[in-house]
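Only this structure's heavy atoms are used, side chains among them; waters, hydrogens and symmetry mates stay out. Numbers here simply count residues along the sequence, with the first being 1. First listed ligand is number 1; within each ligand, the first listed atom is number 1.
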Amino acid sequence: MTFSSTLAPFASDPLRSRGRRLFEEDAPTRNDFQRDRDRIVHSSAFRRLVYKTQVFLNHEGDLFRTRMTHSLEVAQLARSMARALHLHEDLVEAVSLAHDLGHTPFGHAGQEALNACMEKLGGFEHNLQSLRVVDFLEERYASFDGLNLTYETREGILKHCSLVHARQLEVMEPGGVGHRFIVREQPSLEAQLCNLSDEIAYNAHDIDDGVRSGLLSMEQLQSVPLVAHYSQETLKKYPQVKDRRWLFETIRLMLSDQVYDVIGTTQEALKGAELQSSLDAKHHPMLVRFSEPMQLASLELKAFLSQNLYRHPRVQKTTEQAKEMVRDLFLAYSHDPSQMPLAHQRREDKERAVADYIAGMTDRFAAKEHQRLGGTTRWHEQ
Ligand code: MG
């Protein structure tokens, strides 16, 4: 296969994959990571991402990011950096496209509410839920539950995990994807790259969506050194530029520089680390990273977005409504499981079945169900 010739010795290699939970014969024309990517693209959970909130509720405007477009942007950034770093593009694409499959409807508000509902039963955490989706919840194959993905893709999907959850995973799958959180090892370089791409993508697109929504302005963004730098660069280069094009050009320059910064910094770190194989990356501190100044600038931007966008009173108001809907749904299904599809009704882990059902919903299906079950909160009331 031709891909191997462009891979660095420290890249993940499908030919040396730790394999799938259930053995499957190789595909004739596709490597295992490609096959994982294809399974993810064809999954129901992936299609539902179109109607799941990233920051702005799905109905608030057609051009805001959804979990789907966010995931595509993460995949674009990760693939572009993977190619330059000679890491495995198919693996980063698979991980990027799957990383948010476990998100509830209504963004972080939905997750917080579901986590509170499940507090005494192990909580609810979207990374772990993404893994549950690909390991158990997808129903597409005749001979197994889930998508039966390779270890490497699953490892990348589980980007964070509490020690309690890691120990539970370890019981089910000794030495599996929970193990690294117990022994404090890093994931593959491809997984590290997807993590950073996620951060780069949402910081950039949340500026765009924030300005589009009218909750942020370019003037206000001048207080963020990173954004101010690129918006001034844009003005220097194009003195006539204004409005949207000023914003887009600013974001474009910022994204390019961040990508080059990660590539350059990571190449240096890799040179110093002298890795012989992909497994060696596990024993080093995070190798895929920003330079220190870019890391600092990115943190400042994150803090700004958290303060001025995610905690904006208008976002906060819809957040409260979303939490109320998720709580109501949880109570309604727990009280009367016959309101759920048969497969969920029949499960013995009743509360987890309810959580899985709600987590899989799109924003609009959750809102419809809420109304059907007698809820009075209307998500379109602003
Ligand atoms: Mg994400």
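- The side-chain tip of Arg48 does not point at the ring of Phe365 from less than 6.0 angstrom away and within 45° of straight on.
- Sorting the N, O or S atoms of Asp198 by how far they are from the Mg ion (ligand 1) puts OD1 first.
- Atoms CD1 and CD1, from Ile40 and Ile157 in turn, are 5.0 Å apart once rounded to the nearest 0.5 Å.
- Within the coordination shell of the Mg ion (ligand 1), defined by N, O or S atoms under 2.8 Å, His70 is present.
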- Check the pair His99 / His70 against ring pair (Phe, Tyr, Trp, His ring centres under 6.0 Å), numbers first and verdict last. CA-CA 10 Å; His99 85 284; His70 162 69; 5.1 Å; yes

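- Atom CD of Glu139 has 12 or fewer neighbouring heavy atoms from other residues, nucleotides or ligands inside a 6.0 Å radius.
- Rounding to 10 degrees, one finds that the Mg ion (ligand 1) sits at the corner of an angle of 80° between His99 NE2 and Asp100 OD2.
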